[in-house]
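Here the structure is laid out as structure tokens; the discussion comes afterwards.
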Amino acid sequence: MKNSQITIPPAIKYLVYGLLITCFPLIAKTQNKPAATAGEKQQEDVIYPIRTVAIPQGLMLEVGGMALLPNDALAVSTRRGEVWIIHNPYMKNGQLPQYRLFARGLHEVLGLAYIKGDLYATQRSELTRLRDLDGNGEADEYETIYSWPLSGNYHEYSYGPLLDKDGNMLLALNLGWTGKEQSLSKWKGWMLKLSPDGKMHPFATGFRSPAGMTLNNAGDVFYVENQGGWVGSGFIAHVEEGDFHGHPEGLRWANQPGSPVKLQIKDIPNTGEPMFEVAKRMPGIKTPAVWFPHTILGISTSGVINYDEHGKMGPFEGQLLVGDQGQSKIIRVAMEKVKGVYQGAAFPFREGFSSGLLRMTWGSDGSLFVGMTSRGWGSTGRQLYGLQRLEWSGIMPFEIKSISARPDGFELEFTMPVDEVSARKASSYELSSFTYKYHSDYGSPAINQGKRSIKAIAVSPDKMRVRLVLDSLKEGYIHEVKAEGIRAAEGHLPLMHNYGYYTLNKIPDGEKLTISAENRVAAEHNMAMMGHSTGKSSGTRSVPSAKHQAKQPADWSDGPDRTIVLGTRPGLKFDTELITVKPGTKIKLTFANNDDMQHNFVLTAPGAANQVGEMALKLGINGEKLNYVPSSPLVLFNTLLLQPGKSDTIYFTAPSKRGEYPYLCTYPGHYMIMRGILKVE
Amino acid sequence: MKFILKKVPLLLISTALSFGAMAQSPAATNVPLTSLNSFRNAGNDWKLYSWTSMDPQRPGKIKVKPGTGILVNTKNETTLVMESQPGDSEIEFDFMISKNSRPSVFVQGYEIKLTDSHLKQVPAFSDMAGIVLSAQTGPKGFPASMNAAKAPGLWQHLKIRFRAPRFDASGAKIAGARFEDITLNGVLVHAQTELPDIGKTNAGLAFKGEAGPVAFRNVSYRQLPQAQPSPSSGRYRPATNPISLDPTDSPYILRSFLNFNSGKRTHAVSVGSPGGINYSYDLKQGTLLQVWRGQFLNMTDMWHERGEPQTAKPLGSVILLSEEPALAVLSDPSATWPAAIPFDDFANKGYSLDANGLPTFRYRLGTADIADKMEPDANSGGLRRSISIENAPANMYMVIARSKLIEALGKGLYSVNNSEYFIRIPKKTKPILRATASGQELIIPTARQSSQVSYSIIW
């Protein structure tokens with residue numbers, strides 16, 4: 001049934017959208033919340049409502065995989081090893097969904113697919129085909145299709161299968177974690193291809209945590225990656241046979257029979273140069289198609305889905321939607337191929353899901369099922385697990401639909417005609433470029449930041465496109481494109497999301513825009529912009545020393561009154577959540593990060609934890625350099641941002657005023673959960 | 001490495017604390033069973049032997065060999081009281097009961113039953129390891145928290161930590177008696193059980209026979225250290241709510257990592273039946289790893305937070321079996337059994353469920369296709385294993401048991417590891433009991449082509 005959806009020819013489609021835009025105030029009245037009035041920003045929850053699918057009490061639906069079945073039921077696999085079949089997950093006519101247990105006892109199923117009449121589940125150690133032979137609605141054949149070794153490390157997660165266009169199944173295997181990523185057993189950090197005859201072919205490596213895979217409309221394979229060692233920030237990459245995607249650990253197995261990868265671990269320099277620079281001189285390193293700047297477009301990339309003919313999510317067909325577990329949100333990726341290489345831009349799309357978003361699948365009505373779990377990791381959506389469904393209201397969102405590269409700049413395409421006056425103003429835009437370090441450290445600060453100035457602006461006759469000619473383009477760099485000043489022609493709407501990040505792998509050839517009196521940007525603007533430019537930055541972290549006193553103050557002749565050693569516990573927790581001291585206590589505090597992600601310790605004024613956490617989040621791409629410590633009087637003392645396994649000691653005097661002083665980790669995504677109280681009494 | 005070093009200070013603290021407690025713990029006193037001199041009223045019902053065997057299914061059937069070291073009562077209802085009276089004490093002993101026996105052990109007058117009740121899913125206070133109270137009012141007793149009993153005819157182990165009542169100078173009681181804990185076959189079955197007053201007694205440790213034979217050996221006791229006050233300076237952390245898993249209406253087949261002897265098994269499966277007969281199996285070796293009865297699994301280390309160990313823990317008293325592969329081709333019947341099958345030589349095919357939800361595991365080893373099925377046997381409380389092999393190569397053998405000591409008791413019954421568990425083989429099957437570097441192995445040659453092998457494990 002789901003394949004019988006009628007494809008509307010583009011021309012008619014735009015006509016429909018045109019009608020929708022015209023009817024905008026009318027439609028808006030039917031929504032729960034009032035829609036934007038003229039000049040007011042559209043709200044995500046109006047354009048894209050989230051529906052929560054009811055889950056029976058006591059059922060821990062920690063979603064690891066999802067697949068829609070031909071009878072429009074949703075199969076969901078869980079981290080506790082169950083496979084549930086949910087009928088009426090749409091809750092049509094207000095009726096509750098019905099759950100039936102199909103299989104159980106599997107080992108943390110993080111991938112589920114319905115392929116040619118069968119359900120396939122990826123457990124930690126194998127791909128399993130589940131069949132119900134006696135027709136009683138429960139699986140009674142758990143057949144091992146392919147099995148791989150494991151070291152016993154918890155971080156060796158397994159994902160898939162993805163059916164490729166030739167009928168092969170692709171699996172992806174996570175690296176282990178021992179204080180750093182390691183490939184502790186064969187094929188960890190690899191993607192494996194199972195051909196229809198059942199043979200396994202090692203396909204590509206360099207993966208760190210390849211939690212999501214998809215095909216795009218061309219049938220090319222993409223995967224999404226998580227920030228960590230050798231991965232400066234999350235990204236999406238195009239995977240082809242023999243690729244190496246950046247994390248050297250998988251190369252441990254490159255010499256095994258059947259491996260199509262020739263690189264060796266020693267070939268990969270740990271210099272902290274940008275990845276594209278290293279890739280230039282070391283053939284075989286594949287750089288991401290699109291980077292997702294850390295904390296702005298997610299902190300833990302998880303699932304990915306192609307907006308193909310099954311979806312109905314507004315004007316973004318052919319783009320990819322990428323989920324983020326830590327920030328409980330979906331971002332949108334619009335790619336193009338330039339000189340044979342995928343590249344493109346990522347944009348915010350929808351936030352506010354209830355738990356850690358891991359999986360997405362299309363419903364038969366074109367809505368998007370979102371399966372979630374946050375156990376052990378924490379997420380902005382505070383629920384431990386959840387199942388929700390994203391709908392499109394039919395209201396046209398005003399968005400930057402895509403960004404494409406031009407020989408001399410970029411072209412922005414919008415979802416609605418833009419107001420020409422705003423589009424022609426250079427001050428409506430702000431462009432800059434930066435990149436990340438490629439090194440074994442966990443993550444990376446944004447480096448080599450520089451402002452780009454606009455030399456010319458041309459608006460297309462239909463007002464759907466704006467071409468920006470820049471002073472220069474930085475090949476290999478991420479280009480931040482902000483368009484805060486743009487307004488829609490209709491209703492003078494601002495953009496719902498006014499920025500995107502374009503990864504410029506290749507500068508295209510072709511005709512440059514002839515700069516004319518009509519499109520030239522006045523020089524004053526560029527001068528003004530240059531004035532605001534921060535110029536290049538080395539990427540070293542700055543440390544506000546008064547709040548980060550790393551040496552014992554000279555006047556502490558008797559040393560500290562109190563020595564505190566603070567550690568972490570898994571699941572975003574400090575190992576001590578209440579410390580009681582007397583006013584004015586001289587404190588020596590050592591924060592030892594024994595977790596597998598970055599953390600800091602920030603002591604704030606009473607009641608200021610949320611404010612400080614939110615301020616840290618807004619530091620954006622500069623956050624890491626600033627240790628995610630906002631410059632604010634609400635911050636009393638802080639440690640550095642610590643890599644996994646590192647520690648930092650600070651000296652400070654407890655406030656003289658009695659009260660409860662929150663301490664928290666301000667690393668984005670952590671501040672809501674990772675907290676404690678310094679009680680001064 | 002730095003990551004690991006960070007944890008050292010915490011470890012040192014906890015080690016120091018536990019070391020402090022251990023330092024006060026005196027050495028154990030072994031009760032000599034070379035004579036009956038340690039007991040007050042030996043009479044004629046209690047005898048010393050060097051060896052005994054009791055049939056798991058026939059009440060009262062006992063075999064003995066002359067000598068000392070094992071204390072046996074074959075008559076009824078007599079109590080043997082020790083001369084010395086341990087006060088606050090940790091008492092340990094092995095015991096063996098006959099089918100339907102109901103013996104007891106007494107600690108300063110408090111009775112713990114050693115009833116044959118291994119098939120019960122939920123024990124009563126009169127069952128194995130239940131505490132029976134003689135007080136006129138109040139509860140009649142406290143049942144064990146779970147059934148950790150083994151089959152009659154096997155050696156079982158009981159450890160009791162007892163805190164005697166306290167009296168002031170005037171003889172008034174200031175603190176009641178308490179079982180700090182009672183551990184049966186390695187499973188904690190009572191914790192911090194406060195006991196009602198049964199008056200002053202001069203009874204020390206005592207053993208009582210009832211309704212059939214009972215044997216004791218390796219009896220020892222030691223002074224309990226002073227009770228440790230609750231540490232007030234330690235960090236308080238709320239306990240993690242444990243996550244347990246139990247099959248209700250059909251077998252639960254659970255994939256997990258499993259700690260076993262030499263390390264972590266990554267391709268393990270555990271099967272729990274609603275009747276409480278459970279086992280673990282290595283899907284990459286075709287090995288029956290362990291069996292246990294009672295509750296199924298503690299999943300906390302898999303399902304709490306990130307579940308870093310990813311291990312499922314059996315909840316009952318576990319019998320560890322062999323970890324080597326079940327099948328091997330031996331060049332001759334004396335060749336050494338291989339320790340493991342290389343990963344790529346063993347093609348695990350998964351499992352299918354029968355109408356009762358019981359799995360048959362399938363794999364290919366060389367040319368041989370193997371189907372391996374375990375079925376609970378409600379009569380014996382054990383497990384019956386059937387392996388069928390197609391296209392078997394020549395000289396393929398199956399190992400049934402491996403241990404320091406395997407004793408043939410006749411009629412296909414074998415006692416393994418000094419009566420830790422029994423193996424029963426159909427009479428028509430001709431096994432080979434052979435010596436190995438570390439003990440003995442019971443193996444069965446398989447027929448070429450098509451072969452069926454079955455046996456039962458009783459514990």
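Every chain is numbered from 1 and lettered A, B, ... according to where its sequence line falls, protein lines coming before strand lines.
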Any donor-acceptor N/O pair, [X] side chain to [Y] backbone, under 3.5 Å:
| X | Y | answer |
| --- | --- | --- |
| A:Glu181 | A:Gly229 | yes |
| A:Lys199 | A:Asp197 | no |
| A:Ser374 | A:Gln383 | yes |
| A:His599 | A:Gln643 | no |
| A:Glu249 | A:Ser183 | yes |
| A:Thr373 | A:Glu62 | no |
| A:Thr639 | A:Phe601 | yes |

Per-residue contact mode, B:Ile243 against chain A (heavy atom under 4.5 angstrom)
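For B:Ile243, the contact with chain A is made by the side chain alone.
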
What are the residues of residues 346-363 of chain B, in order of number, with any heavy atom under 4.5 angstrom from a heavy atom of chain A?
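So the qualifying residues are B:Asn348, B:Lys349, B:Gly350, B:Tyr351, B:Ser352, B:Leu353.
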
Do any of residues 275-302 of chain B come closer than 4.5 Å to chain A, heavy atom to heavy atom, and if so which ones, in number order?
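Listed by number, the contacting residues are B:Lys284, B:Met302.
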
Decide if atom NZ of A:Lys573 counts as having more than 12 heavy atoms of other residues, nucleotides or ligands within a radius under 6.0 Å.
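Yes, the 6.0 Å shell around NZ holds more than 12 heavy atoms from other groups.
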
Measure distances from A:Glu156 to the heavy atoms of chain B and classify the residue's part below 4.5 Å as side chain, backbone, both or neither.
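The answer is neither part of A:Glu156.
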
To the closest 0.5 Å, what do you measure between CG (A:Asn600) and SG (A:Cys665)?
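If I round to the nearest 0.5 Å, the distance is 4.5 Å.
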
Looking at A:Glu126, A:Glu108, A:Arg79, A:Arg129, which has the largest count of heavy-atom pairs under 4.5 Å with chain B?
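If we count pairs closer than 4.5 Å to chain B, A:Glu126 comes out on top.
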
Highest number of heavy-atom pairs under 4.5 Å with chain B: which of A:Met60, A:Glu141, A:Glu143, A:Arg80?
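Heavy-atom pairs under 4.5 Å are most numerous for A:Arg80.
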
Please report the C-alpha distance between A:Phe574 and A:Phe591 in whole Å, then the side-chain angles of each, then the deciding distance to 0.1 Å, and finally whether the ring-ring contact (aromatic ring centres under 6.0 Å, His included) criterion is met.
CA-CA 9 Å; A:Phe574 288 108; A:Phe591 176 45; 5.5 Å; yes

Quick test of your reading of the model: are B:Arg384 and B:Asp377 salt-bridged, counting only N-O distances below 4.0 Å?
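No, this pair does not count.
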
Between A:Lys180 and A:Asp441 (salt bridge meaning N to carboxylate O under 4.0 Å), is one present in this structure?
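Looking at A:Asp441 together with A:Lys180, the answer is no, because their closest N to O distance does not fall below 4.0 Å.
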
Name the option with the most non-hydrogen atom pairs under 4.5 Å to chain A; the candidates are B:His304, B:Arg255, B:Arg306.
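That would be B:Arg306.
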
